[in-house]
Amino acid sequence: FNDDPVSELAERFGLKPAAVRSLTAWYRRLFSEVKNYVFVSEYALSKSKHLLPDGARTLILPNTVRLPKTTGDEKRPADDKLILSNVGHFDERKNQRLLIEIGHQLRQQGREVEIWLIGDGPERTACERLVSERGLNGSVKFWGRQQAPWQRVAQSDLYVHTALN
């Protein structure tokens, strides 16, 4: 979960306040069985802290990306286009459609960009359709799942995180 499991489930299924209270109590009971927690950010901890038991020990191990040194094979294409990249599972929450719309707006302003979408998932077909509708077929590349997606990101000029959370 990105925020906390209760708020994400409540939003996803449109739960009423009574159901949210019951779900909160259930998660507090579940989490009371564990005393040690590892989070990937201060943000994640702050969003879930209300579910943790008193005296819980927490540790933050940042969700960081360490790019390996490039080898020559990872050099970017030789053209002058600005390359924007995004990595993620193609679903509504990851919001790759926003980056496609940004590409469309930039194209309308006369700017040449190339967008690299790295990943796969249920919304990929809808994103491919949107690319076609916006006339961006030559400007958006769908890389699919990659063993080392961050090598592609290292070749781009700018990584754009479009997720809703």
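Model, not experiment: these values are computed from the prediction.
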Identify the two heavy atoms, one from Q96 and one from C127, that lie closest to each other, and give their separation to 0.1 Å. CB-SG, 4.1 Å
With R97 via salt bridge (Lys or Arg N to Asp or Glu O under 4.0 Å) - residues at least two apart: E123
With sequence neighbours left out, the residues meeting salt bridge (Lys or Arg N to Asp or Glu O under 4.0 Å) with D120 are R124
Pair S85-R152, side-chain donor/acceptor within less than 3.5 Å: no
Donor-acceptor pair, distance only, cut-off 3.5 Å: does the side chain of S156 make one with the backbone of V153? yes
Under the rule for side chain to side chain contact (heavy atoms under 4.5 Å, CB included), what residues qualify as partners of N137, not counting sequence neighbours? V131, S132
Verify, without hydrogens or angle tests, whether N86 (side chain) and V160 (backbone) share a donor-acceptor contact under 3.5 angstrom. yes
Side chain to side chain, E33 and R29, heavy atoms closer than 4.5 Å: yes
Verdict with supporting geometry, D4 and Y27, side-chain contact (heavy atoms from CB on, under 4.5 Å): CA-CA 10 Å; D4 74 76; Y27 269 100; over 6 Å; no
Indicate the atoms forming the closest heavy-atom contact of L130 with E101, along with that distance. CD1-OE2, 3.6 Å
Which is it for L82 and E114 under the side-chain contact (heavy atoms from CB on, under 4.5 Å) test, yes or no, and what are the steps along the way? CA-CA 6 Å; L82 176 69; E114 189 168 312; over 6 Å; no
Quick one: are E112 and R107 in side-chain contact, heavy atoms under 4.5 Å? yes
With rounding to the nearest 0.5 angstrom, report the NZ to CG distance, K35 to L52. 10.0 Å
For E133, salt bridge (Lys or Arg N to Asp or Glu O under 4.0 Å) partners two or more places apart: none
Contacts table for residues 15-25: side-chain donor-acceptor under 3.5 angstrom, sequence neighbours left out:
unit_1 : atom_1 : unit_2 : atom_2 : d
S22    : OG     : A18    : O      : 3.3
T24    : OG1    : V20    : O      : 2.8

Shortest non-hydrogen contact between P149 and Q146, atoms and distance: CD-O, 3.4 Å
First locate atom CD1 of I100, then atom CZ of R134, and finally report the distance between them rounded to the nearest 0.5 Å. 9.5 Å
Do S48 and Y43 have side chains that get closer than 4.5 Å, going by heavy atoms? no
Using 0.5 Å steps for rounding, measure from the CD1 atom of I115 to the CG atom of L99. 4.5 Å
Would you check if E128 and V140 make a side-chain contact, meaning some heavy-atom pair closer than 4.5 Å? no
What pair of heavy atoms forms the shortest contact from H89 to G121, and how long is it? CE1-CA, 3.6 Å
Within a strict 4.5 Å, meaning less than it, do heavy atoms of the F90 and L117 side chains meet? yes
Contacts of E42 that satisfy salt bridge (Lys or Arg N to Asp or Glu O under 4.0 Å) - sequence neighbours left out: none
Calculate, to the nearest 0.5 Å, the distance between atoms CG and CD belonging to L9 and E11 respectively. 10.5 Å
Gap separating the CG atom of N36 from the OG1 atom of T58, nearest 0.5 angstrom: 9.5 Å
What I'd like to find out is whether the side chain of D157 reaches to under 4.5 Å of the side chain of L84, using heavy atoms alone. no
Measuring from atom CZ of F39 to atom NZ of K49, what distance do you get when rounded to the nearest 0.5 angstrom? 9.0 Å
Less than 6.0 angstrom separating the ring centers of W116 and Y159, yes or no? no
